[in-house]
Amino acid sequence: MSATLVFPALGQAARDYHAAAQARGERLVAASSVRDSTMEAIFSTMHLLPYVHEDDFSEKFLKLIEREGIARVFAPVASVHAFLEQFIRQHQLETTLVGASPIRAQVEVYRDLLMRAEAASEWMRHLCDDAALLPARTVIAAAIRHYSLIYGESNDDKLAAMMAIFTSAPKGDVVEIGSLMGKSLSVLLFMAQRFATGAVLSVDPLAPSHSKHQDPQAALMSSMDAHWDYDILREALAMNLLPAASGDFNYLRLPSKQGYEHYCSSPMVSSEEFGAVNYCGRIAVLHIDGNHDMEQVSLDASLWPQRLAPGGWLILDDYLWAHGDGPMRVGDQLLSAHSDQIARSFVCGKALFVQWTG
């Protein structure tokens with residue numbers, strides 16, 4: 001069985017490749033020019049090779065290739081990757097390099113981010129009254145880069161629409177019901193800061209749900225609750241928001257109803273990670289993305305929109321949902337019952353966006 005050589009087997013990129021290779025059953029051989037006990041423990045066996053500029057590198061590298069049946073080389077260090085590109089070509093080896101140079105790969109990552117931002121910006125222009133108020137392409141790309149690092153199911157279209165509505169949102173609090181690890185929350189915080197909208201609040205019990213499922217697919221999804229470590233989930237939420245928060249974000253680890261009662265009765269929320277934050281009690285942007293059962297969505301939609309400021313936005317997630325029609329039924333009821341209070345509405349990225357007149 002052929003193998004992949006990881007050289008130099010150092011740093012996080014080598015760790016990540018090791019984990020992915022194990023999952024797909026790829027045989028690895030590790031080598032480095034310096035001893036590293038941590039990496040030796042990860043790879044079990046670590047071959048020592050000279051530095052690529054040393055005279056005996058060629059001989060020892062070629063012997064390792066032949067002895068271990070190396071068909072591929074993963075070189076996570078840019079200078080080594082560049083050297084091996086020439087070395088493999090000069091020696092006419094059948095061994096191939098895995099992936100592009102780390103430098104080229106990074107350039108492509110950021111080129112792709114800018115392309116995604118350009119596409120998002122084009123879409124956002126159709127959703128706001130004054131395109132001049134939209135964030136610059138680099139700002140949008142920065143938001144995409146950050147939320148792409150966070151686990152979650154919101155797509156680019158929905159998150160672009162979330163950014164766009166801040167151009168017409170009033171001043172007030174920004175509230176999200178159901179945040180998981182904070183993917184969409186990171187966008188809400190970034191835009192609230194850019195537009196000086198107000199403080200951001202997450203309300204999520206970060207605990208197993210108690211859904212009454214509408215179909216077997218939804219029941220299957222909820223069965224995955226057992227996969228989460230909810231204390232880690234809380235810390236993950238904090239880790240993903242801490243770099244951006246500056247006295248303008250906090251969270252309530254409570255079910256939606258208890259969170260609403262707290263929000264209405266006290267202007268302050270405090271936590272160990274984020275300190276104390278005061279809220280004004282009026283909501284500029286409200287994102288409902290909690291329990292999707294009809295009963296719970298109905299409760300969320302009957303409570304929280306009462307606090308919307310004139311001109312405020314409601315985002316009802318999964319209005320179009322493959323696993324049940326609770327959010328759609330609630331959204332349609334809301335549109336019908338409050339038609340005289342709705343300035344505009346649209347569906348984007350499976351979510352319903354509604355602007356309140358007040």
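As a basis for the values below, the full set of heavy atoms in this structure was taken, side chains included, without hydrogen atoms, waters or symmetry mates.
Judged purely by atom type and a 3.5 angstrom limit, Asp317 has no side-chain atom pairing as donor or acceptor with the backbone of Ala351. Under the 3.5 Å distance criterion, the side-chain polar atoms of Asp173 are left unmatched by any main-chain donor or acceptor of Val175. Not one N or O on the side chain of Arg116 forms a donor-acceptor pair closer than 3.5 Å with the backbone of Ala141. At distances below 3.5 Å, not a single donor-acceptor pair connects side-chain atoms of His18 with backbone N or O atoms of Ala14. A donor-acceptor contact shorter than 3.5 Å is absent between the side chain of Glu176 and the backbone of Leu188. Under a 3.5 Å cut-off, the side chain of Ser265 and the backbone N or O of Glu261 do form a donor-acceptor pair. Asp248 places a side-chain N or O within 3.5 Å of a backbone atom of Ser246 that can act as its donor or acceptor partner. Side chain of Ser298 to backbone of Met294: a donor-acceptor contact under 3.5 angstrom is found. A donor-acceptor pair under 3.5 Å links the side-chain atoms of His292 to the main chain of Gly290, judged by distance alone. With hydrogens and angles disregarded, a donor-acceptor distance shorter than 3.5 Å links the side chain of Gln306 to the backbone of Ser302.
Sequence neighbours left out, the pairs with a member in residues 70-86 that pass salt bridge (charged side-chain N to carboxylate O under 4.0 Å, His left out) are Glu26-Arg72, Glu85-Arg104.
Between Phe346 and Phe353, the ring planes are parallel. Angles under 30° get that label, and only those over 60° would be called perpendicular. Trp123 and His126 have tilted rings, their planes meeting at an angle from 30° to 60° on a 0 to 90° scale. Ring geometry, Phe7 versus Phe57: the interplanar angle falls under 30°, so the pair is classed parallel (tilted spans 30 to 60°).
Neither Met163 nor Met115 shares a network with the other; the hydrophobic side chains, linked directly or stepwise wherever heavy atoms of I, L, V, M, F, W or Y lie under 4.5 Å apart, form separate groups for each. Under a hydrophobic clustering in which Ile, Leu, Val, Met, Phe, Trp and Tyr are joined whenever their side-chain heavy atoms come within less than 4.5 Å, directly or via other members, Val29 and Ile42 fall into different clusters. The hydrophobic cluster containing Val187 also contains Met124, counting ILVMFWY residues as joined when their side-chain heavy atoms lie under 4.5 angstrom apart, directly or transitively.
A salt bridge is defined here as a Lys NZ or Arg NE, NH1 or NH2 lying under 4.0 Å from an Asp or Glu carboxylate O, and Glu273 with Arg234 meets this definition. Here Glu66 does not pair with Lys63 in a salt bridge; the nearest charged N to carboxylate O distance is not below 4.0 Å. With salt bridges taken as basic N to acidic carboxylate O contacts below 4.0 Å, none links Asp204 and Arg253.
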**Request:** For the pair Leu286 and Ile315, evaluate side chain to side chain contact (heavy atoms under 4.5 Å, CB included) and give the outcome as yes or no after the intermediate values.
**Result:** CA-CA 6 Å; Leu286 170 63; Ile315 308 165; over 6 Å; no
**Request:** List the steps and the verdict of side chain to side chain contact (heavy atoms under 4.5 Å, CB included) for Asp340 and Thr357.
**Result:** CA-CA 8 Å; Asp340 58 336; Thr357 60; over 6 Å; no
**Item:** Step-by-step side chain to side chain contact (heavy atoms under 4.5 Å, CB included) determination, Asn155 to Leu159
**Value:** CA-CA 6 Å; Asn155 60 30; Leu159 296 173; over 6 Å; no
**Prompt:** Taking it one step at a time, do Val174 and Leu189 satisfy side chain to side chain contact (heavy atoms under 4.5 Å, CB included)?
**Reply:** CA-CA 8 Å; Val174 177; Leu189 178 58; over 6 Å; no
**Request:** For side-chain hydrogen bond (donor to acceptor under 3.5 Å, both in side chains), just list the numbers for Tyr147 and Asp156, CA-CA rounded to whole Å, side-chain angles, deciding distance to a tenth of an Å, and then say yes or no.
**Result:** CA-CA 10 Å; Tyr147 74 61; Asp156 280 3; 2.6 Å; yes
**Request:** For Glu153 and Lys183, run salt bridge (Lys or Arg N to Asp or Glu O under 4.0 Å): C-alpha distance rounded to whole Å, both residues' side-chain angles, the deciding distance at 0.1 Å, then the answer.
**Result:** CA-CA 8 Å; Glu153 296 183 355; Lys183 188 181 186 81; over 6 Å; no
**Message:** Run the side-chain hydrogen bond (donor to acceptor under 3.5 Å, both in side chains) test on Tyr260 and Asp300 for me, step by step, so that the C-alpha distance in whole Å, both residues' side-chain angles and the decisive distance to 0.1 Å come before the verdict.
**Reply:** CA-CA 9 Å; Tyr260 180 74; Asp300 291 345; over 6 Å; no
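Across Asn240 and Met181, no two heavy atoms sit closer than the pair ND2-O, 2.9 Å. The minimum heavy-atom distance between Ser202 and Ser179, with the atom names listed, is OG-OG, 2.8 Å. Of all non-hydrogen atoms in Cys348 and Ala161, the two that sit nearest each other are SG-CB, 3.9 Å. Contact record, Val77 with Pro102: C-CG, 4.1 Å, taken as the closest heavy-atom pair. Minimum interatomic distance between Leu314 and Pro305 (heavy atoms only, all atoms of both residues): CD2-CG, 4.5 Å. Residue Ala199 comes nearest to Tyr279 through the heavy atom pair CB-CE2, 3.5 Å, listed as atom of the first residue, atom of the second, then distance.
Within a 6.0 Å radius of CD in Gln90, more than 12 heavy atoms belonging to other residues, nucleotides or ligands are found. By the neighbour-count criterion of 12 heavy atoms within 6.0 Å, atom CZ of Arg27 is densely surrounded, having more than that number from other residues, nucleotides or ligands. The number of heavy atoms from other shown groups lying within 6.0 Å of CZ (Arg67) is above 12. Atom CG of Asp55 has 12 or fewer heavy atoms from other residues, nucleotides or ligands within 6.0 Å.
Here the side chains of Arg137 and Leu114 are in contact, with some heavy-atom distance below 4.5 Å. Two residues are said to be in side-chain contact when any heavy atoms from C-beta on lie closer than 4.5 Å; Val98 and His81 fail this criterion. Side-chain contact between Leu320 and Leu352: absent, with no pair of heavy atoms (C-beta onward) separated by less than 4.5 Å. The side-chain heavy atoms of Pro8 and Val80, taken from C-beta on, include a pair separated by under 4.5 Å. Using a 4.5 Å heavy-atom threshold, the side chains of Val277 and Leu201 count as separate. Between Arg344 and Ser168 the shortest side-chain heavy-atom distance falls below 4.5 Å. Annotation: side chain of Lys350 is not in contact with side chain of Lys158 (no heavy-atom distance under 4.5 Å). Side-chain contact between Glu68 and His47: present, with at least one pair of heavy atoms (C-beta onward) separated by less than 4.5 Å.
None of Leu134, Val285, Leu133 except one satisfies the side chain to side chain contact (heavy atoms under 4.5 Å, CB included) rule with Phe166; the exception is Val285.
With rounding to the nearest 0.5 angstrom, the SG atom of Cys264 is 8.0 Å from the CG atom of Leu303. Here the NE2-CD1 distance, from His287 to Ile165, works out to 9.5 Å after rounding to the nearest 0.5 Å. We find the CH2-NZ distance between Trp304 and Lys257 to be 12.0 Å, quoted to the nearest 0.5 Å. Atoms CG and CD1, from Leu334 and Ile342 in turn, are 5.5 Å apart once rounded to the nearest 0.5 Å. Going from atom OG1 of Thr197 over to atom NZ of Lys171 covers 5.5 Å, rounded to the nearest 0.5 Å. Here Leu28 contributes atom CG and Phe74 contributes atom CZ; the two are 10.0 Å apart, rounded to the nearest 0.5 Å.
In summary, the side chains of Tyr110 and Arg145 do present a donor paired with an acceptor at a separation below 3.5 Å, with no hydrogens or angles considered. Judged by distance alone, the side chains of Gln355 and Ser345 never bring a donor and an acceptor atom under 3.5 Å apart.
The distance between the ring centers of Trp356 and His338 falls below 6.0 angstrom.
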